[in-house]
Amino acid sequence: MTGRHPPASPEPGRGDPHVFLSLRQITKRFGHVTALDHISLDIAEGEFLCFLGPSGCGKTTLLRVIAGLETPDEGEIRLQEGRLDAVPARQRNFGVVFQSYSLFPNMTVARNVAYGLECRGWRGTRKDERVRAMLELVHLADQSDKLPHQLSGGQQQRVALARALAPEPKVLLLDEPLSALDAKVREELRGEIRDLQRALRITTVMVTHDQDEAMELADRIVLMNQGVIEQIGRAEELYEQPANRFVAEFIGRMNVLSGFGSAGEAGLIGVRPEHLELIDGAAAGADAIVGRIEKSVFLGSVTRLTLRAGDQRLVVELRGKPANAVPGATLAVRIPPQSVHRIRGAPP
Ligand SMILES: Nc1ncnc2c1ncn2[C@@H]1O[C@H](COP(=O)(O)OP(=O)(O)O)[C@@H](O)[C@H]1O
Ligand SMILES: [Mg+2]
């Protein structure tokens with residue numbers, strides 16, 4: 001696959017005022033498994049980054065390396081000017097929130113938030129005020145005397161956030177913090193995390209396997225696959241200019257087709273389902289793709305069709321509910337030239 005090892009930028013993290021956290025050639029192996037394969041990445045201060053990718057691609061391992069909970073076999077990490085590799089996790093002062101709420105079950109909400117502060121030497125009214133401020137920040141000021149089991153999952157995760165943010169961490173690290181919650185709460189808390197991060201301007205890295213979550217939250221998405229970074233960029237960049245086939249198919253849907261004139265390196269082109277244009281079959285020109293509708297799913301704003309054309313299958317999304325978009329019907333579409341993606345990367 002192209003771009004598996006993008007060239008590392010020279011002397012990264014040194015001298016560049018925009019780089020806050022810098023990872024260079026980070027490699028981590030577990031026995032025969034290479035969980036991280038020479039990962040390099042620069043994070044700006046105040047940035048919200050999402051590690052996105054399929055299960056097992058190395059997201060958690062990379063987050064744990066940043067947190068200091070995992071020691072890389074190779075590579076280096078810098079925070080501003082200083083090497084971070086030798087700094088133990090607790091001295092990094094990074095706030096961490098995991099998928100499972102991991103609150104102390106026998107401590108009240110307020111005690112849970114206070115605990116980390118006490119470990120770092122906060123005492124008296126300074127500590128108490130900080131606890132109150134944090135609980136207000138996550139809208140739980142009135143729940144401070146409850147025990148974790150008396151709270152909903154969403155509330156428990158808010159406590160975990162308050163606890164992580166209390167000691168004024170330099171970086172906030174979140175590992176799938178929303179994935180144990182049901183859909184509605186997940187969406188609510190997603191918005192809250194974004195607002196919180198904007199308000200505090202805290203450098204944040206969040207692991208997720210949920211594309212929508214990453215697209216909504218991240219300033220930049222780090223799309224990972226099998227221990228490498230396939231592409232880093234804004235959601236629009238990954239969608240509009242996917243670096244390779246993996247990115248094209250992971251972010252949204254992409255029809256990958258062969259046998260067209262303007263093909264890419266591997267003889268493949270890509271076109272998004274919503275970019276295919278319905279044309280009049282009788283008047284179809286040389287660029288027409290004529291096929292039989294195998295499947296038609298009405299999704300409200302669009303109808304998603306599976307079209308069988310020769311030995312290829314395309315997904316086509318048409319606005320609304322076109323009258324003739326029924327299984328068995330013949331349909332002609334064309335690919336507008338400006339919508340063609342040249343696809344790099346061998347077939348899977
Ligand atoms: N402690 C460990 N021991 C052995 N293998 C591990 C360990 N942690 C992670 N791995 C392996 O490393 C790879 C990446 O795992 P992980 O970082 O948890 O992926 P993700 O968070 O993207 O799902 C997987 O193949 C996983 O099985
Ligand atoms: Mg994980």
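Nothing fancy with the numbering, it's 1 onward along the sequence. Order of appearance sets the numbers: ligands from 1, and atoms from 1 within every ligand.
Protein N, O or S atom count below 2.8 Å of the Mg ion (ligand 2): the structure gives 1.
Taking a 6.0 Å sphere around OH of Tyr115, one finds it holds 12 or fewer heavy atoms contributed by other residues, nucleotides or ligands. Other residues, nucleotides and ligands contribute over 12 non-hydrogen atoms within 6.0 Å of the CZ atom of Arg201. No more than 12 heavy atoms of other residues, nucleotides or ligands lie within 6.0 Å of CZ in Arg253, so this atom counts as exposed by the packing criterion. Counting non-hydrogen atoms of other residues, nucleotides and ligands closer than 6.0 Å to CZ of Arg308 gives a total above 12.
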Once you restrict both partners to nitrogen or oxygen, which atoms of ligand 1 have a protein partner under 3.5 Å, and how far apart are they?
| unit_1 | atom_1 | unit_2 | atom_2 | d |
| --- | --- | --- | --- | --- |
| ligand 1 | 17 (O) | Thr61 | N | 2.9 |
| ligand 1 | 17 (O) | Thr61 | OG1 | 2.5 |
| ligand 1 | 19 (O) | Gly58 | N | 3.3 |
| ligand 1 | 21 (O) | Thr60 | N | 2.9 |
| ligand 1 | 21 (O) | Thr60 | OG1 | 2.8 |
| ligand 1 | 22 (O) | Cys57 | N | 3.2 |
| ligand 1 | 22 (O) | Gly58 | N | 3.0 |
| ligand 1 | 22 (O) | Lys59 | N | 3.0 |
| ligand 1 | 22 (O) | Lys59 | NZ | 2.9 |
| ligand 1 | 23 (O) | Gly56 | N | 2.7 |

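Nearest heavy atoms, Ala329 versus Asn324: CB-O, 3.4 Å.
Between atom NZ of residue Lys295 and atom OG1 of residue Thr303 there is a gap of 13.0 Å, rounded to the nearest 0.5 Å.
Side-chain contact check for Ser22 and Asp42: at least one donor-acceptor pair (N or O, by modelled atom type) lies under 3.5 Å. Under the 3.5 Å distance criterion, with hydrogens and angles disregarded, no donor-acceptor pair is assigned to the side chains of Asp175 and Gln99.
Screening Arg234, Arg198, Arg194 against Asp219 for a salt bridge (Lys or Arg N to Asp or Glu O under 4.0 Å) leaves a single residue, Arg194.
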